[in-house]
J.: 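Supplied in structure tokens, the structure appears directly below.
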Amino acid sequence: MRRIPSQVPSAVSRLLQASVLPTPPTWYIPVLSHPPPQLPPHQIISRPRANDPSLRPGQFTDVAPVPEGELERRDRIRRYKQRKNRPLKVSYEEDRVRRQFFKDFAFEALRPVSLVEGSEIDQSVRVDGEEWTSLEQRGAYPTVEDCISFVINLRKTREMPLSEAYAIATKEFVALRARHELATLAAEVEARHYGAEFKPDAFEREFNLEEKSLESLIPADTRISESTNIKYRKQPRYKWSNTISSSSIPSGEFSGGQSYVEKWRLPEPVQVEGGQQSAGDLLSAIPPPGAETTQGEAGAEAEDDLAFLQSVLGKSRA
């Protein structure tokens with residue numbers, strides 16, 4: 001709990017009377033001998049008025065003259081309390097540029113930063129001021145802080161707006177990053193051409209783990225083997241498979257479909273010479289005329305009523 005300085009000795013004296021404190025503190029006697037000064041309840045700020053004779057012509061803050069003590073009287077009527085003095089908000093121009101930079105290039109925050117290299121570089125000999133006309137003077141791979149410093153340097157040396165300096169600096173920054181990325185890709189392609197092998201990066205490792213987990217969901221009976229020898233295994237009738245039996249694969253040379261067409265070609269038709277039919281492929285399958293009728297009449301005569309009932313109703317009902 002905050003207390004006014006003049007209330008501290010009285011509070012300690014009450015604690016001593018109640019035996020809360022066994023002995024008085026060291027500063028108690030000097031404070032009683034030299035009490036702290038009484039501060040005014042409100043700090044009055046002296047402001048120049050139009051009716052002040054000490055003012056020069058044209059030097060006043062109020063538009064109309066205010067009588068002496070009028071503002072204090074208004075504050076007492078309105079029960080105005082003076083606001084506490086608060087420190088001003090500290091802001092730097094570099095923070096404003098840095099905030100806008102990471103809004104436009106958020107992926108730069110994910111790049112690794114060397115913590116050892118900065119301590120080995122002498123910052124006193126780096127280019128700065130009017131001599132710093134291009135971002136590339138800080139190196140082919142400038143950092144984010146170099147770009148921000150370049151923006152502030154352009155604004156101070158060339159006296160241009162902050163937005164224009166930011167556009168120039170970021171344009172050079174993007175060009176240097178693109179050049180470095182293309183050089184890295186070309187070096188990697190050249191190294192792989194000469195037999196270099198690189199470890200998989202974080203994205204490739206994630207893809208490999210994802211493929212491995214997806215393969216574990218495939219049933220074992222439908223999983224395709226990685227070997228070159230294809231072995232046919234008979235699948236159930238209700239389950240589809242992309243494998244075929246060895247008997248279905250045609251053997252021999254490729255005939256352009258002739259061997260397949262010969263299997264469903266019809267037999268040669270019957271040839272008739274001199275009004276008489278000669279033996280052909282279809283002649284043996286056709287019964288002679290009248291043979292079916294004669295056989296049916298003979299069977300009907302030999303079949304009696306009891307046999308007819310047995311054939312129609314069955315032996316159990318006959």
Side-chain angles (χ1 to χ4, degrees), residues 2 39-40 42-50 55-56 58-63 66 71 74-75 78 80-188 201-206:
R2 300 182 60 185
L39 299 178
H42 300 289
Q43 183 179 3
I44 300 174
I45 302 176
S46 59
R47 293 175 292 181
R49 305 300 178 188
L55 291 178
R56 290 177 295 179
Q59 182 184 0
F60 58 90
T61 57
D62 299 333
V63 178
V66 180
L71 296 179
R74 295 177 184 177
D75 293 342
R78 299 173 183 176
Y80 172 75
K81 295 182 179 180
Q82 185 180 7
R83 296 181 181 180
K84 298 179 180 179
N85 295 329
R86 296 181 180 179
L88 297 177
K89 186 177 180 181
V90 180
S91 60
Y92 297 95
E93 199 170 23
E94 291 82 355
D95 295 339
R96 180 183 174 187
V97 177
R98 187 179 293 105
R99 190 181 302 109
Q100 184 63 35
F101 182 87
F102 282 109
K103 284 183 180 179
D104 298 336
F105 307 95
F107 57 88
E108 288 294 333
L110 303 177
R111 295 185 184 274
V113 179
S114 176
L115 301 178
V116 182
E117 184 180 358
S119 60
E120 298 179 356
I121 298 177
D122 189 5
Q123 301 292 337
S124 61
V125 297
R126 62 180 181 180
V127 61
D128 203 352
E130 296 182 356
E131 299 178 356
W132 192 10
T133 58
S134 175
L135 185 59
E136 193 176 359
Q137 292 177 317
R138 288 287 181 90
Y141 192 78
T143 61
V144 177
E145 296 301 326
D146 292 338
C147 183
I148 296 172
S149 301
F150 187 57
V151 174
I152 303 301
N153 184 75
L154 287 177
R155 180 184 174 279
K156 293 180 179 180
T157 56
R158 301 186 185 181
E159 298 180 356
M160 60 175 57
L162 187 62
S163 58
E164 185 177 352
Y166 178 80
I168 295 174
T170 52
K171 183 178 180 180
E172 295 186 12
F173 181 82
V174 171
L176 292 175
R177 278 287 192 268
R179 187 197 306 174
H180 182 271
E181 184 175 1
L182 291 177
T184 304
L185 293 176
E188 181 181 358
D201 55 3
F203 297 101
E204 293 180 358
R205 289 195 296 269
E206 290 295 331

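Scope of the values below: all heavy atoms of this structure, side chains included, with no hydrogens, waters or symmetry mates. This one's a predicted model, so the numbers in the text were calculated from it and none came from an experiment.
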J.: What are the two closest heavy atoms between Met160 and Leu154, and how far apart are they?
T.: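 Looking at all heavy atoms of both residues, the shortest contact is CG-O, 3.7 Å.
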J.: Minimum heavy-atom separation for Glu94 and Ile148, please, with both atom names.
T.: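 Shortest heavy-atom separation between Glu94 and Ile148 comes out as O-CG2, 4.0 Å.
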J.: Checking Phe102 now: which residues fulfil ring pair (Phe, Tyr, Trp, His ring centres under 6.0 Å) with it, not counting sequence neighbours?
T.: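 Once residues adjacent in sequence are excluded, Phe102 has no partner under the ring pair (Phe, Tyr, Trp, His ring centres under 6.0 Å) criterion.
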J.: For residues Thr143 and Asp146, is any side-chain donor paired with an opposing acceptor at under 3.5 Å?
T.: yes
J.: Go through the structure and list residues passing side-chain hydrogen bond (donor to acceptor under 3.5 Å, both in side chains) with Arg99, not counting sequence neighbours.
T.: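 For Arg99, no residue satisfies side-chain hydrogen bond (donor to acceptor under 3.5 Å, both in side chains) once neighbours in sequence are set aside.
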J.: Any pair with a residue in residues 151-163 that passes side-chain hydrogen bond (donor to acceptor under 3.5 Å, both in side chains), sequence neighbours left out, goes on the list, sorted by first then second residue, please.
T.: Glu93-Arg155
J.: Looking at CG of Leu110 and CZ of Phe105, how far apart are the two atoms once the value is rounded to the nearest 0.5 Å?
T.: 14.5 Å
J.: Show your reasoning for whether side-chain contact (heavy atoms from CB on, under 4.5 Å) applies to Glu172 and Ser134.
T.: CA-CA 8 Å; Glu172 295 186 12; Ser134 175; 3.6 Å; yes
J.: Quick check for you: to the nearest 0.5 Å, what is the distance between Cys147 atom SG and Arg98 atom CZ?
T.: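 Between atom SG of Cys147 and atom CZ of Arg98 there are 11.0 Å.
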J.: Do Glu204 and Asp201 have side chains that approach each other closer than 4.5 Å (heavy atoms only, starting at C-beta)?
T.: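 They are in side-chain contact.
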J.: Which side-chain N or O atoms in residues 175-183 pair as donor and acceptor under 3.5 Å with protein atoms at least two apart or in another chain?
T.:
unit_1	atom_1	unit_2	atom_2	d
Arg177	NE	Glu108	OE2	3.4
Arg177	NH1	Pro142	O	3.0
Arg177	NH2	Glu108	OE1	3.3
Arg177	NH2	Pro142	O	3.3
Arg179	NH1	Glu136	OE2	2.9

J.: Taking it one step at a time, do Val144 and Arg111 satisfy side-chain contact (heavy atoms from CB on, under 4.5 Å)?
T.: CA-CA 10 Å; Val144 177; Arg111 295 185 184 274; over 6 Å; no
J.: Above 12 or not: heavy atoms from other molecules or residues under 6.0 Å from CZ of Phe203?
T.: no
J.: Under the ring pair (Phe, Tyr, Trp, His ring centres under 6.0 Å) definition, can you give me all pairs with a residue in residues 155-177, not counting sequence neighbours?
T.: Phe101-Phe173
J.: What's the shortest heavy-atom distance between Arg138 and Val127, and which atoms?
T.: NH2-O, 3.1 Å
J.: Supply the atom-to-atom distance Thr170 OG1 to Leu135 CG, rounded to the nearest 0.5 angstrom.
T.: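 If we round to the nearest 0.5 Å, Thr170:OG1 and Leu135:CG are 10.0 Å apart.
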J.: Partners of Asp128 by salt bridge (Lys or Arg N to Asp or Glu O under 4.0 Å), sequence neighbours excluded?
T.: none
